[in-house]
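Given the structure is predicted, the values throughout are model-derived calculations rather than measurements.
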Number of protein chains: 2
Amino acid sequence: MKGKIFIIEDEASIVQLVQHNLEKEGFVVSSSLNGNEGLKELKKFEPNLLLLDWMLPDLSGIDICKNIRRDSNLKSLPIIMLTAKGEEEDKIKGLESGVDDYVTKPFSFNELHARIKAVLRRSDPNIVANDLTFEDLKLDRIEKRVFRADKEIQLGPTEFRLLEFFLTNPKRVYSRDQILETVWPNNVNVESRTIDVHIRRLRQSINIKDKKELIRTVRSSGYSLV
Amino acid sequence: MKGKIFIIEDEASIVQLVQHNLEKEGFVVSSSLNGNEGLKELKKFEPNLLLLDWMLPDLSGIDICKNIRRDSNLKSLPIIMLTAKGEEEDKIKGLESGVDDYVTKPFSFNELHARIKAVLRRSDPNIVANDLTFEDLKLDRIEKRVFRADKEIQLGPTEFRLLEFFLTNPKRVYSRDQILETVWPNNVNVESRTIDVHIRRLRQSINIKDKKELIRTVRSSGYSLV
DNA sequence: TTTTAATGTTACAGAAATATTACAAATTAA
DNA sequence: TTAATTTGTAATATTTCTGTAACATTAAAA
């Protein structure tokens, strides 16, 4: 069971696409095209997460949000809001009124999916897969622990994110730029060579003598997990 | 380069979502919200594939289709049509008028993506494939690995690119100049004879005893995969 | 056959990419 | 605050790759 998601969004085509994709991912999904009805159905449906459009014909997203936070049964329902490009003020209002995250339209499904997983991971950990494994390597996202051959390994924050990144797509070769984009916070400028150093640190931590090297260097291309 | 895709579809939200997702996948995408303009832009854009809505405000999908098939430059342009649920008759008409495949709304992006790859693989194979194979030779572009008869082979960066190049058009004979242009980074000046050396290195790596030579020398013309 | 042009082979020096180390600044914990 | 940890970079070491030149071999032409 992957959890239940409710969508309140007035653009039918968006609802269809998102709903279809989420169902393919194993979520149980229900939706409503307007705010007032949505609120009612929502209470019956008891979702684990709500996708909420910010611009609705009847009720505004902020009203729905407040309404939910006032309701003791829904108080802790995670909400991801869908905003149109440039509605920066709304984002701020949204975050103030208790929204957990936001996604700007147009968004790719992958982007939305990643946000949903991230939010669910915080609020409802056993709904989402939290363990990444590869061979005798295991990474627990909840407890932030890493094991090699059942022995716990201590990693610094950056090395943890780096390994987490590699584990989401083992074997695939990533360039330094790709690694930088994904593993480092946005708009941070670090030398591309810096990655070599972190790779070195990660290698040192996860390598066990007599066990094979897990990180492969692909000259002129990047690195991958092997 | 993954290829260029043009979209003619009047629902802006669908266009946005599909375009965004396709661009994330590495395609170059352009689009138009109506038929007449679309046809014009299409000719300028020169896509590898067209996504065509069947219900447009001005021109019908079938008209566009016929128009395209009549144009000698666009004759072989692969078309995937987007139909609403239950327009079965249209599908038949569509296939008769030269559509390559169709997708029924609402569709998941993955579904669409799969269709696109399938159609492109037929029409324009080297745009989409990540695995290149020829006889018992296999090159994986994602993992950057090469196998001969299921045995992994280690190649340097240049030899890898060289083999990748040959694999996109096996059997075809390439002159040294053509090889140089494509395999070497632009505005690099290397002796044409240098290629002989790399060919030699590649041969040494991919040849297995008792197996036939895979690279053929065509005296005074160049080399090819055989 | 001899000659000639094209390709094959080899070795090697410089270039390029990566690995390693050390350290100071920044961040976090105590 | 001090101490400990983490980070990014620069400097240096090491490894691997590249291009070329010199010489060898082969195939076609004369």
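- Here B:Leu132 contributes atom CG and B:Leu163 contributes atom CG; the two are 8.5 Å apart, rounded to the nearest 0.5 Å.
- Taking A:Lys212 as the reference, A:Glu135, A:Leu214, A:Val226 meet the side chain to side chain contact (heavy atoms under 4.5 Å, CB included) condition, with sequence neighbours excluded.
- Within the 3.5 Å criterion, the main-chain N or O of B:Ile79 finds a donor-acceptor partner in the side chain of B:Asp100.
- A salt bridge links B:Glu213 with B:Arg203; the closest basic N to acidic carboxylate O contact falls under 4.0 Å.
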In sequence, state the C-alpha distance, the side-chain angles, and the governing distance for A:Arg176 and A:Asp196, and then conclude on salt bridge (charged side-chain N to carboxylate O under 4.0 Å, His left out). CA-CA 9 Å; A:Arg176 290 186 176 68; A:Asp196 300 26; 2.8 Å; yes
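- Rounded to a whole Å, the NE2 atom of B:His198 is 15 Å from the P atom of C:dT9.
- Cation-pi geometry between A:Lys4 and A:Phe45 is met: the NZ or CZ atom falls under 6.0 Å from the ring centre, inside 45° of the normal.
- Sorted by first and then second residue, the ring pair (Phe, Tyr, Trp, His ring centres under 6.0 Å) pairs with a member in residues 183-208 of chain A read A:Trp184-A:His198; sequence neighbours excluded.
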Can you build the contact string for nucleotides 11-21 of chain C? Use B for base contact, S for sugar-phosphate-only contact, and - for no protein heavy atom under 4.0 Å. B----BBBSSB
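- Taking 4.0 Å as the cutoff to heavy atoms of chain A, we find the contact window on DNA chain D bounded by D:dT6 to D:dC17.
- Within residues 156-166 of chain B, the residues that have a heavy atom under 4.0 Å from DNA chain D are, in order of number, B:Gly156, B:Pro157, B:Thr158, B:Glu159.
- Of all heavy-atom pairs spanning A:Asp71 and A:Asn73, the tightest one is OD1-N, 2.8 Å.
- Between A:Asp136 and A:Arg148 there is a salt bridge, since a side-chain N of the basic residue sits under 4.0 Å from a carboxylate O of the acidic one.
- Annotation: side chain to side chain donor-acceptor pair (under 3.5 Å) contacts of B:Glu152 (sequence neighbours excluded): B:Arg145.
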